[in-house]
Amino acid sequence: MRISELARQAGTTPRALRYYEEQGLLHPARLASGYRQYDEQALRAVRHIQLLLSAGLNTTAIAEILPCIPDDVTVLAPTCPELLDELAAERARITRSMQQLGAARDVLDRLLQNDPR
DNA sequence: ATTCTTACA
DNA sequence: TGTAAGTA
């Protein structure tokens with residue numbers, strides 16, 4: 001299928017699909033016309049990408065992870081240690097962010113305590 | 001009509 | 001990420 005078809009099925013835009021390719025996440029074949037040609041497994045790949053992105057992973061991490069995911073996998077389950085490492089690292093980043101946000105909120109709480117209103 | 005690349009008031 | 005331009 002061509003780019004607009006895949007975009008439609010994946011609920012995204014051709015722009016995003018080209019961006020994924022630019023980031024090394026997708027490798028569609030090319031027609032003689034220069035048009036990108038996506039195979040059947042492309043849709044699942046895009047779904048995996050979207051899932052990983054929603055988990056906060058950057059495209060670099062995802063590019064390293066994707067190759068160790070069997071193309072026949074529907075539900076993304078931790079397969080190789082690569083994936084586990086990336087996920088654990090992202091979780092750690094989230095934990096740190098939460099701590100920083102908590103500290104920022106505490107500061108605001110103290111400032112608000114003197115609010116004359 | 002669609003897609004492609006490149007670039008950015 | 002959107003969008004415009006100029007092609008193929």
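To find a chain, count down the sequence lines: A is the first, B the second, and so on, and within it residues start at 1.
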### Query
Applying a 3.5 Å limit to both distances, which nucleotide forms a Watson-Crick or G-U wobble pair with C:dT1?
none

### Task
Counting heavy atoms from C-beta on, name the nucleotide in C:dT1, C:dG2, B:dT5 closest to the side chain of A:Ala16.
C:dT1

#### Entry: Over 12 non-hydrogen atoms of neighbours within 6.0 angstrom of CZ in A:Arg91
no

### Query
Should A:Gln9 and A:Val46 count as side-chain neighbours, where that means a heavy-atom distance under 4.5 Å?
no

#### Entry: N/O (side chain, A:Thr13) to phosphate O (OP1/OP2, C:dT1) under 4.0 Å
no

#### Entry: Atom CZ of A:Arg105: over 12 foreign heavy atoms under 6.0 Å
no

### Task
Indicate for each nucleotide in nucleotides 3-8 of chain C, in 5' to 3' sequence, whether protein heavy atoms under 4.0 Å reach the base (B), only the sugar-phosphate (S), or nothing (-).
B----B

### Query
Choosing from B:dT2, C:dG2, B:dC4, which nucleotide comes nearest the side chain of A:Ser4?
B:dT2

#### Entry: A:Leu6 CG to B:dT3 P, straight-line distance once rounded to whole Å
11 Å

### Task
Could you check if a side-chain atom of A:Pro28 sits within less than 4.5 angstrom of a side-chain atom of A:Gln37, using non-hydrogen atoms only?
no

### Query
Counting only Watson-Crick or G-U wobble pairs whose two distances fall under 3.5 Å, which nucleotide matches B:dT2?
C:dA8

### Query
Think A:Arg36 has a side-chain N or O under 4.0 angstrom from the OP1 or OP2 of B:dT3?
no

### Straight-line distance of A:Tyr38 OH to A:Met1 CE, nearest 0.5 Å
10.0 Å

### Task
Kindly indicate whether the side chain of A:Thr12, heavy atoms from C-beta on, has any atom under 4.5 Å from the side chain of A:Leu6.
no

